[in-house]
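Here is the structure we will look at.
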Amino acid sequence: MSKGLPKRSENYSEWYNEIVKRAELAENSAVRGCMVIKPYGFAIWEKMQRALDDMFKETGHQNAYFPLFVPKSFLEKEEEHASGFAKECAVVTHYRLKTNPNGKGLIVDENAKLEEELIVRPTSEAVIWNAYKGWIQSWRDLPLLINQWANVVRWEMRTRIFLRTTEFLWQEGHTAHATKDEAVEETNKMLGVYATFAEEWMALPVIKGAKTENERFAGAEDTLCIEGLMQDGKALQCGTSHFLGQNFAKSFDVQFVNKENQLEYVWGTSWGVSTRLMGALIMAHSDDQGLVLPPKLAPIQVVIVPIYRAEEDLAKITKRIEPVVKELKSKGISVKYDDDDKYKPGYKFAEYELRGVPVRLGIGMRDLENGTIEVARRDTLSKEPRSIEGIVEYIETLLDKIQSNIYQKAFKFREENTFKVDTWEEFQTQIETGGFILAHWDGTSETEEKIKAETKATIRCIPFDEEKESGNCVYTGEPSKQRVVFARAY
RNA sequence: CGGGGCGUAGCACAGCCUGGUAGUGCGCACGGUUUGGGACCGUGAGGUCGCAAGUUCGAAUCUUGCCGCCCCGACCA
């Protein structure tokens, strides 16, 4: 195995691909555009799932599961939705194979053609709203707050591991409400959940905002999003929350009887985050030594590497360290004592760095004599000897410190790469160096498209937390009420 | 779908121009010495050279066709 990773500064996408492979997060599979998520990568995803799932439950949602297949007629019902997804759908047309009568192999049995094609879900609004029709009769059935963890398929032209794969894993929340206000509130609330998750768990600062009409989800009245900034200066959409209005309720005829005994269409929302977050996690924090994981999402938070020559020395080290391991575990810290004799310490150090383990402890005979242990931090790549007394408490606070340091670093990076731009010349120059550009926009799709055609920059969102400030569109000079966020994006 | 690159051992690649015994490094197996930042020595295993056809006494190498992968763009979470 060649040792160093490619440098981020030299070839960012190669660095990204290598880190995914070498840290054993995932690999490209034999199936074009689809990935194999390996155990270490999946362990991170499981931690994300757990944290998010807990947050969904806390906000009153329940999990359920809906079918993989969507009858074409369901998908067609909401027109915008249908045309939005039409060009990226996998279609099932037959239900049987047979052995090739002309020789070896299997062929599609033409006699087993489906009467109606089934679409492999690109998202589940259609199946779910079809089911909701049967679930909702009265205002007493509302709100209906459902989430599902599932895989979806979108036949993208070009794929990139974790960031855009043909099949990906995600969670999709689908809720139904009696009033518009309640649905809008739900849309906002879940965007807030995503932002909290991104910032507190992934240590990734995000901008909350609304998508422009061009970037809106097919079938939604309003699409909200969180946008993160990656180390190469490109933006990555990390989560979306849609206010669906009554679009799906009308298309699937989901009505309820209100307290006044009148029939009304329900109001809907849907929201999701996907395995793309794995890509965000990698690209936001990692360095040229490998992955850097925030402690809250690290499958292994602390690794302990014994350094010894003789078997007896290992036994002594093990005896000394065992109570520490036990105590760390009792505090809920995931710790690995790596006494594997097949690899040398130096190899292990490099390996755990590559895998982003936040804290590494090294302990050898010298430490046993001195009552010390070496503490190495992944985020700063620094190390120092500490007294082994009180080490557990020290590590507990250190993990918190690392979590917030990683966030602060990402936050600082974003601050340094966010620019207010007021002239078109400046815009064109700045977009080349990357980052978020805050600029005025006249609010028209035409301008948005022209800017995209000329610079490849898109409006990532109309931010919620930026102060409202009037000005003139950076492209047309027309009046504008507030700055929007431009960037080149993944 | 356009533009570029590449398919040779598990991985990374050389060999191809100029046809003639299939190689190197890493990894793997075994033995020994090692172990505080990716150890070293020795021995060994491992290949229908992407697939198919053609040219030739002879093809990894030349020709044609096909397949696959990666990167850059258009599309997108």
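Just so you know, these numbers use all the heavy atoms, side chains as well, and skip hydrogens, waters and symmetry mates. Residue numbers start from 1 in every chain, and the chains themselves are labelled A, B, ... in the order their sequence lines are given, proteins ahead of strands.
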Tell me the interatomic distance from [X], atom [atom1], to [N], atom [atom2], rounded to whole angstroms.
X      : N     : atom1 : atom2 : result
A:M157 : B:G3  : CE    : P     : 16 Å
A:R22  : B:G38 : CZ    : P     : 16 Å
A:Y12  : B:C71 : OH    : P     : 15 Å
A:K87  : B:C75 : NZ    : P     : 10 Å
A:E449 : B:C75 : CD    : C1'   : 14 Å
A:D288 : B:G37 : CG    : P     : 22 Å
A:F349 : B:G36 : CZ    : P     : 8 Å
A:K342 : B:C28 : NZ    : P     : 10 Å

Considering every strand shown, what is the Watson-Crick or G-U wobble mate of [N] when both distances are under 3.5 Å?
N     : result
B:G54 : B:C62
B:G36 : none
B:A29 : B:U43
B:C6  : B:G68
B:C16 : none
B:A22 : none

So do the side chains of A:V91 and A:L118 get within less than 4.5 Å of each other, counting heavy atoms only?
no

Using side-chain heavy atoms (C-beta onward) and a distance below 4.5 Å, is A:V153 in contact with A:R121?
no

[X]/[Y] aromatic ring centres below 6.0 Å:
X      : Y      : result
A:F486 : A:F427 : yes
A:Y475 : A:W441 : no
A:F85  : A:F217 : yes

Can you tell me how far [atom1] in [N] sits from the matching atom in [M], rounded to whole Å?
N     : M     : atom1 : value
B:A60 : B:U18 : C1'   : 15 Å
B:G7  : B:A12 : C1'   : 13 Å
B:G23 : B:A9  : P     : 14 Å
B:U8  : B:U61 : C1'   : 11 Å
B:U21 : B:G38 : P     : 42 Å
B:G58 : B:A14 : C1'   : 23 Å
B:C28 : B:G15 : C1'   : 24 Å
B:U64 : B:U55 : C1'   : 11 Å

Answer with base, sugar-phosphate or nothing: what part of the nucleic acid does [X] contact at a heavy-atom distance below 4.0 Å?
X      : value
A:K21  : nothing
A:T458 : nothing
A:N17  : sugar-phosphate
A:T123 : nothing
A:E156 : base
A:L163 : base
A:R160 : nothing
A:R154 : base
A:F168 : base
A:E14  : nothing

Side-chain N or O of A:N28 versus OP1/OP2 of B:C70: is the shortest distance under 4.0 Å?
yes

Regarding A:T175 and A:T269, do their side chains bring together a donor and an acceptor under 3.5 Å, going by distance alone?
yes

Report yes or no: do A:H174 and A:S270 form a side-chain donor-acceptor pair below 3.5 Å?
no

Report yes or no: is there a donor-acceptor pair, N or O only, under 3.5 Å between the side chain of A:K383 and the base of B:G36?
no

With no hydrogens and no angle check, is any side-chain donor or acceptor of A:S334 less than 3.5 Å from a backbone partner on A:P299?
yes

By side-chain contact (heavy atoms from CB on, under 4.5 Å), A:E78 pairs with (sequence neighbours left out) A:E80, A:H81, A:N247, A:F248, A:S251

Over 60° means perpendicular and under 30° means parallel, so classify the ring planes of A:Y132 and A:W129, tilted if in between.
perpendicular

Review item, nucleotides 32-35 of chain B N/O atoms under 3.5 Å of protein N/O:
unit_1: B:U35; atom_1: OP1; unit_2: A:R309; atom_2: NH1; d: 2.3
unit_1: B:U35; atom_1: OP2; unit_2: A:R309; atom_2: NH1; d: 2.8
unit_1: B:U35; atom_1: O2'; unit_2: A:Y308; atom_2: O; d: 2.8
unit_1: B:U35; atom_1: O4; unit_2: A:R309; atom_2: O; d: 3.3

A:R32 or A:L381: which one's nearest nucleotide on RNA chain B is closer to the 5' end?
A:L381

Closest-nucleotide ordering on RNA chain B, the 5'-leading residue of A:A489 and A:R360:
A:R360

Nearest to side-chain heavy atoms of A:E374, which nucleotide of B:A74, B:G36, B:G38
B:G36

